[in-house]
Amino acid sequence: MERLLPIVWLAGAACFLVTLAGYYAGIEVWLGWGFIPAFVIMIVAFAFRDLGGLFLSVVGFFGMWKGWDWPFLQAFLVAFPSVALLIIMMLGGGITHAISSRRSSPQR
């Protein structure tokens with residue numbers, strides 16, 4: 001598991017950089033503003049921690065979806081990678097529980 005940590009870290013950093021570029025495209029598509037106002041909004045948003053990060057991800061998703069013409073699901077999974085991991089873990093846990101509970105149930 002520890003061998004996967006650098007891969008997960010690099011994947012997260014790549015998603016962050018793509019979302020950040022998508023954020024700039026989103027601000028340009030949504031409001032028609034250039035780099036400097038978008039940068040100022042980004043700095044202010046980072047001051048609000050989680051809420052600011054959510055704002056940047058939503059605008060980045062919009063920029064990837066509408067600005068770059070990416071498919072909806074692809075833009076969503078790049079902007080919100082934790083949702084994809086959550087779905088995979090929930091499905092894996094449910095399947096594992098379903099398999100293990102069938103084997104441990106008593107015979108009738």
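A quick note: this is a predicted structure, and the numbers were derived from the prediction, not measured. Scope of the values below: all heavy atoms of this structure, side chains included, with no hydrogens, waters or symmetry mates.
- Heavy-atom minimum distance, A38 versus Y24: CB-CD2, 3.6 Å.
- Contact of the Y23 side chain with the I27 side chain is registered, since non-hydrogen atoms from C-beta on lie closer than 4.5 Å.
- Taking 4.5 Å as the limit, some side-chain heavy atom of W33 sits within range of a side-chain heavy atom of I41.
- When all heavy atoms are compared, the tightest approach of G34 to P37 is O-CD, 3.6 Å.
- The CG atom of L77 lies 10.5 Å from the CH2 atom of W70; values are rounded to the nearest 0.5 Å.
- Taking the six-membered ring where tryptophan is involved, the planes of F39 and F35 are essentially parallel, since the angle between them stays under 30° and well short of 60°.
- The CG atom of L10 sits 11.0 Å away from the SG atom of C15 when rounded to the nearest 0.5 Å.
- Side chains of I95 and I99 form a contact here, defined as non-hydrogen atoms less than 4.5 Å apart.
- Linking ILVMFWY residues whenever their side-chain heavy atoms come closer than 4.5 Å, directly or via other members, places L54 and V83 in the same cluster.
- When hydrophobic clusters are built by joining Ile, Leu, Val, Met, Phe, Trp and Tyr residues whose side-chain heavy atoms come closer than 4.5 Å, directly or via intermediates, V58 is not grouped with F48.
- Test L85, L86, L91 against M89 for side-chain contact (heavy atoms from CB on, under 4.5 Å) and you get one pass: L85.
- Residues L20 and V29 share a single hydrophobic cluster, defined by chaining ILVMFWY side chains whose heavy atoms lie under 4.5 Å apart.
- W65 and L73 end up in the same hydrophobic cluster when Ile, Leu, Val, Met, Phe, Trp and Tyr side chains are linked at under 4.5 Å.
- Closest non-hydrogen pair, S57 versus F80, comes out as CB-CE2, 3.5 Å.
- In this structure, the side-chain contact (heavy atoms from CB on, under 4.5 Å) partners of A45, at least two apart in sequence or on a different chain, are F55, L56.
- You'll find the ring centres of F61 and F72 inside the 6.0 Å limit.
- Two residues are said to be in side-chain contact when any heavy atoms from C-beta on lie closer than 4.5 Å; M64 and T19 meet this criterion.
- Transitive grouping of hydrophobic side chains (ILVMFWY, heavy atoms separated by less than 4.5 Å) brings L31 and M42 into a common cluster.
- Smallest separation of non-hydrogen atoms from G22 and W68: N-CH2, 3.4 Å.
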